Student: 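Below you'll find the structure I mean.
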Protein chains: 2
Amino acid sequence: MIRLSTKGRYGTRLMLNLAQHYDNGNGHKAVILKNISDDERISIRYLEQIIIPLKINRLVKSIRGAGGGYILARKPEDIRLSEILHALEGNCCLVECVEDESFCEFIETCPTFPIWKNATEILKGYFDSLTLKDIVGMAEKKSKQGKTKAR
Amino acid sequence: MIRLSTKGRYGTRLMLNLAQHYDNGNGHKAVILKNISDDERISIRYLEQIIIPLKINRLVKSIRGAGGGYILARKPEDIRLSEILHALEGNCCLVECVEDESFCEFIETCPTFPIWKNATEILKGYFDSLTLKDIVGMAEKKSKQGKTKAR
DNA sequence: ATAATTCCTATAAATTCATGTTGATATCGG
DNA sequence: CCGATATCAACATGAATTTATAGGAATTAT
Ligand code: FES
Ligand code: FES
């Protein structure tokens, strides 16, 4: 399987959770990991590890102490999925050599290299086209539809 | 990183190697793993494991005993990259739930599900558009260019 | 028979995934 | 100031998975 690691998946859900609770009125209401843990059923300990690179890459801000928590560093419409995955995974290549050309020895003659490279670019393009706001919007629309259909 | 496993990568190179040695004149010249191992710098023992699913999914035929080896079960133009990856990885989804919907509990409400699903379909579409012949052709063209350019 | 080769099973090594521990540091409300 | 709440940091640990190697049995051409 071509796998998106749990780090990438859980980190994306973490960011979406923050986006859903993002207060546009600038109330700066921080969300605590415990809540995200309950919502998303991911252990707090693991979330703590996952949020570190998100903080380092300035996608979230932390507020320490009582009443603290995390908030998005920017508006949801200004954060792209590609940035999140890049922060979490270092890169989002299908194979190492696409980003680090010294990884494979025979990159010049390797017949698969252009394939993995193209595929990576296609994926990146898709993830780059989506902001957190887009994704939250898609999810809201979907859940509204679900309620309308009586089933 | 969104990773294609070594199984998928090595298996693809294995198949390409067989495609490059495929005899259209129906000479049925089998290729032994030792040669592929030398060409691709992958341990024979590992290749033996990787080729099993390729055999089960009837992408290669094996000929046992002395003078034996492996050959493609079909012509290179009739084998798609998507088939190879599917054989090797069981599926080629970014996340398990795209193929096995019971994998995640809250698939109905999960805001990331449609994203991973779309991305998976985009990738699959690309891999489905390529046959072994296409890839070998691309590689040959590239190596010819390399020779022309005196550098 | 012998050599070549696939086939089968076991297992070692490395990495990823996930939880746990301890304790320090920062902040808020009372 | 005190006590509760949370982040922060550095580990440790175990389970699961992936990656890779190894030994030998079965099969076949010569
Ligand atoms: S897989 Fe990296 S160059 Fe072929
Ligand atoms: S990741 Fe599987 S449903 Fe959300």
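Only this structure's heavy atoms are used, side chains among them; waters, hydrogens and symmetry mates stay out. Computed from a predicted model, the values in this text were never measured in an experiment. Within every chain, numbering begins at 1; the chains are lettered A, B, ... in the order of the sequence lines, protein sequences first and strands thereafter.
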Student: Whole angstrom is fine here: how far is it from CG in A:Leu18 over to P in D:dT7?
Tutor: 11 Å
Student: Using OP1 and OP2 only, check whether a side-chain N or O of A:Ser5 sits under 4.0 Å from C:dT16.
Tutor: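 No.
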Student: Under the rule for ring pair (Phe, Tyr, Trp, His ring centres under 6.0 Å), what residues qualify as partners of A:Phe113, not counting sequence neighbours?
Tutor: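 Checked A:Phe113 against ring pair (Phe, Tyr, Trp, His ring centres under 6.0 Å); zero matches.
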Student: Looking at residues 32-41 of chain A, who's got a heavy atom less than 4.0 Å off DNA chain C?
Tutor: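 When residues 32-41 of chain A is checked for heavy atoms under 4.0 Å from DNA chain C, there are no hits whatsoever.
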Student: For nucleotides 22-30 of chain C, give me one character per nucleotide, 5' to 3': B if any protein heavy atom sits under 4.0 Å from the base, S if the only such contacts are to the sugar-phosphate, - if neither.
Tutor: B--BBBS--
Student: Atom CD1 of B:Ile44 to atom C1' of C:dT5: distance rounded to whole Å?
Tutor: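 Whole-Å distance recorded here is 9 Å.
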Student: My understanding is that only residues two or more places apart in sequence, or in another chain, count here; which of them pass salt bridge (charged side-chain N to carboxylate O under 4.0 Å, His left out) with A:Arg13?
Tutor: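 For A:Arg13, the residues satisfying salt bridge (charged side-chain N to carboxylate O under 4.0 Å, His left out) (neighbours in sequence not counted) are A:Glu40.
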Student: May I ask you to list the residues sharing a hydrophobic cluster with B:Ile56, side-chain cutoff 4.5 Å, ordered by chain and number?
Tutor: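 Listed partners: B:Ile52.
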Student: Should A:Glu89 and A:Arg9 count as an ion pair when the cut-off is N to O under 4.0 Å?
Tutor: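 A salt bridge is absent here (no side-chain N lies under 4.0 Å from a carboxylate O).
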Student: Could you give the CD1-to-P distance, from B:Ile71 to C:dT5, as a whole number of Å?
Tutor: 15 Å
Student: Which one, C:dC17, D:dA20, D:dC8, comes nearest to the side chain of A:Tyr70?
Tutor: D:dC8
Student: Between B:Arg3 and D:dT19, does any side-chain N or O lie under 4.0 Å from OP1 or OP2?
Tutor: yes
Student: When you measure from every atom of DNA chain C, which of residues 46-58 of chain B have a heavy atom less than 4.0 Å away?
Tutor: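 Contacting residues: B:Glu48, B:Gln49, B:Lys55.
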Student: Could you state the atom-to-atom distance from CD of A:Glu96 to P of C:dT16 in whole Å?
Tutor: 10 Å
Student: Applying salt bridge (Lys or Arg N to Asp or Glu O under 4.0 Å) as the test, list every pair that has at least one member in residues 126-137 of chain B; sequence neighbours left out.
Tutor: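 For residues 126-137 of chain B: none.
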Student: In chain order, what residues pass the side-chain hydrogen bond (donor to acceptor under 3.5 Å, both in side chains) check against A:Asn35, with sequence neighbours excluded?
Tutor: none
Student: Once salt bridge (charged side-chain N to carboxylate O under 4.0 Å, His left out) is applied, do any residues pair with B:Glu48, and if so which ones, sequence neighbours excluded?
Tutor: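 Applying salt bridge (charged side-chain N to carboxylate O under 4.0 Å, His left out) to B:Glu48 gives B:Arg45.
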Student: Let me know the distance between OH of A:Tyr10 and C1' of C:dT19, rounded to the nearest Å.
Tutor: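 Going from OH in A:Tyr10 over to C1' in C:dT19 covers 12 Å.
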Student: To the nearest angstrom, how far is B:Leu14 atom CG from C:dT6 atom P?
Tutor: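 After rounding, the reported distance stands at 11 Å.
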Student: Does B:Thr112 have any side-chain hydrogen bond (donor to acceptor under 3.5 Å, both in side chains) partners at least two apart in sequence or in another chain, and if so, which?
Tutor: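 B:Thr112 satisfies side-chain hydrogen bond (donor to acceptor under 3.5 Å, both in side chains) with B:Trp116 only.
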Student: Which residues pass the side chain to side chain contact (heavy atoms under 4.5 Å, CB included) test with B:Ala19, sequence neighbours left out?
Tutor: B:Leu72, B:Pro76, B:Leu132, B:Val136
Student: Would you say A:Thr6 reaches C:dA18's phosphate, i.e. side-chain N/O to OP1/OP2 under 4.0 Å?
Tutor: yes
Student: Output all residues satisfying salt bridge (charged side-chain N to carboxylate O under 4.0 Å, His left out) with A:Lys34, sequence neighbours left out; order by chain, then residue number.
Tutor: A:Asp38
Student: So, is B:Ser43 near the phosphate of D:dT21, with a side-chain N or O under 4.0 Å from OP1 or OP2?
Tutor: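 Yes.
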Student: Determine whether the side chains of B:Tyr46 and B:Thr6 contain a donor N or O and an acceptor N or O closer than 3.5 Å.
Tutor: yes
